[in-house]
Amino acid sequence: MSKSFIAVLDHEHLENSMFLTSFARSLAQLGDRKGIIIHGDSPYTNRLIQTGMMREDARLRAIKDLNKRLIGLFADQGISTIGVHGFQKGLIKKSGEDIELDLKALNVLHSVPNLLISNLAEEDGDPVHVPLPYFAKQVSQSIKETEILLFSKNEKDEILITESKDQLKWGDISDSSVENSIPDEFRDFGFPVKITTAADFANWPNLKKVTLIQ
């Protein structure tokens, strides 16, 4: 099986229109190089809560709306993308603390190079939110020859990816580097990832600005 990627659109980056445009342009340049994009909610959730919605309802609404918006953004760049929520098509089921990815369903959906999946899994017939870091880890462990890509919080001055070492361990990263470069949701991830930028994503799998964190 050829290598693939899981590109993570985290909470903060989903609110950054410049980042999303750059990401979409890079995705367009990948052509038929195959990968999965995953996402959760964004600060949009809090704005829905301020209208009187309950948090869980607001989060579900935000994630569903974001999935549609991202598909539209990618379409504007001429990118063919299938958008799906984890609870659809029996794709991802949650039982207790565990989630299970149906690889057969994934392969059917992944007929085009780009598949966009939200972190809403199915539990007892209902959609439920799964924390994005755990969701990314579980999906990655279910697919052979794939790597998780996170995007630096600072596109212009990437502290991690300009260090002399191109490989780091989670326990060796300074607090300032974590704060400035790693998305907040993933600060305690502790699982192998590559940190890169939206612009350099166009070069995958031969990334030029990248640090592997083991």
Side-chain angles (χ1 to χ4, degrees), residues 4-51 53 55-92 101-102 105-122 126-133 135-136 139 143 146 148-153 155 183-186 196-204:
S4 64
F5 62 82
I6 298 172
V8 181
L9 300 180
D10 62 89
H11 187 84
E12 292 173 84
H13 275 126
L14 284 169
E15 193 82 346
N16 186 331
S17 60
M18 291 182 63
F19 165 84
L20 290 175
T21 299
S22 179
F23 176 87
R25 288 172 177 167
S26 290
L27 191 62
Q29 293 180 58
L30 291 180
D32 61 359
R33 283 169 278 178
K34 207 163 188 176
I36 294 171
I37 304 117
I38 64 173
H39 73 93
D41 69 334
S42 75
Y44 178 42
T45 297
N46 291 330
R47 293 196 291 275
L48 289 174
I49 291 171
Q50 290 170 4
T51 68
M53 293 183 70
R55 174 167 292 278
E56 192 58 32
D57 292 338
R59 184 158 54 188
L60 293 177
R61 165 77 177 276
I63 292 171
K64 290 178 180 179
D65 286 355
L66 282 165
N67 196 270
K68 292 178 181 177
R69 285 173 52 195
L70 289 168
I71 290 295
L73 174 66
F74 298 156
D76 288 343
Q77 296 295 329
I79 306 165
S80 179
T81 310
I82 292 176
V84 66
H85 300 290
F87 66 85
Q88 295 176 318
K89 312 292 185 182
L91 185 59
I92 299 173
L101 172 66
D102 186 329
L106 177 71
N107 290 333
V108 170
L109 288 167
H110 211 173
S111 57
V112 299
N114 305 299
L115 181 62
L116 176 71
I117 307 176
S118 82
N119 64 337
L120 295 179
E122 177 192 338
D126 295 319
V128 293
H129 167 264
V130 178
L132 192 60
F135 188 82
V139 172
I143 305 172
T146 193
I148 298 174
L149 303 178
L150 296 180
F151 297 93
S152 173
K153 290 176 64 175
E155 289 275 309
D184 292 350
E185 294 165 280
F186 288 83
T196 187
T197 67
D200 195 46
F201 177 48
N203 298 313
W204 185 89

Please answer whether the main-chain N or O of [Y] pairs with a side-chain N or O of [X] as donor and acceptor at a distance below 3.5 Å.
X: K34; Y: H110; answer: yes
X: E185; Y: H11; answer: yes
X: T51; Y: L48; answer: yes
X: S22; Y: M18; answer: no

If I take atom [atom1] from residue [X] and atom [atom2] from residue [Y], how far apart are they, to the nearest 0.5 angstrom?
X: R25; Y: L20; atom1: CZ; atom2: CG; answer: 11.5 Å
X: L115; Y: I6; atom1: CG; atom2: CD1; answer: 10.5 Å
X: N114; Y: R33; atom1: CG; atom2: CZ; answer: 10.5 Å
X: S118; Y: I92; atom1: OG; atom2: CD1; answer: 8.0 Å
X: L116; Y: I79; atom1: CG; atom2: CD1; answer: 11.0 Å
X: L149; Y: I38; atom1: CG; atom2: CD1; answer: 10.5 Å

>> Apply side chain to side chain contact (heavy atoms under 4.5 Å, CB included) to residues V139 and I117 and explain how you reach the verdict.
In response: CA-CA 10 Å; V139 172; I117 307 176; 5.8 Å; no
Minimum heavy-atom distance [X]-[Y], with the two atoms named:
X: D41; Y: A62; value: CB-CB, 4.4 Å
X: S26; Y: A199; value: OG-O, 3.3 Å
X: A121; Y: V130; value: CB-CG2, 3.8 Å
X: A24; Y: Q77; value: CB-CG, 3.7 Å
X: N119; Y: P131; value: ND2-C, 4.3 Å
X: L14; Y: G40; value: CD1-O, 3.7 Å

> What residue among F19, F201, F23, F186 forms ring-ring contact (aromatic ring centres under 6.0 Å, His included) with H13?
Replying inline: F19
>> Salt bridge or not between K153 and D10? Use side-chain N to carboxylate O under 4.0 Å.
In response: no
>> Determine whether F5 and I36 satisfy the following criterion, side chain to side chain contact (heavy atoms under 4.5 Å, CB included), listing intermediate values before the conclusion.
In response: CA-CA 6 Å; F5 62 82; I36 294 171; 6.0 Å; no
> Are S152 and T197 close enough that a side-chain donor and a side-chain acceptor fall under 3.5 Å?
Replying inline: no
>> Counting neighbours of CZ on R47 that are heavy atoms of other residues, nucleotides or ligands and sit closer than 6.0 Å, is the number greater than 12?
In response: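 Yes, because the 6.0 Å sphere around CZ of R47 holds more than 12 heavy atoms from other groups.
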> Excluding sequence neighbours, so at least two apart, what forms side-chain contact (heavy atoms from CB on, under 4.5 Å) with V108?
Replying inline: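 Testing V108 for side-chain contact (heavy atoms from CB on, under 4.5 Å), a comparison that skips the adjacent residues, returns none.
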Can you give each donor-acceptor pair under 3.5 Å made by side-chain atoms of residues 63-75, sequence neighbours left out, with the distance rounded to 0.1 Å?
from: D65; atom 1: OD2; to: Y44; atom 2: OH; distance (Å): 3.1
from: D65; atom 1: OD2; to: R61; atom 2: NE; distance (Å): 3.0
from: N67; atom 1: ND2; to: H39; atom 2: NE2; distance (Å): 3.0

> Does the pair L106 and L91 meet the rule for a side chain to side chain contact (heavy atoms under 4.5 Å, CB included), with working shown?
Replying inline: CA-CA 6 Å; L106 177 71; L91 185 59; 3.9 Å; yes
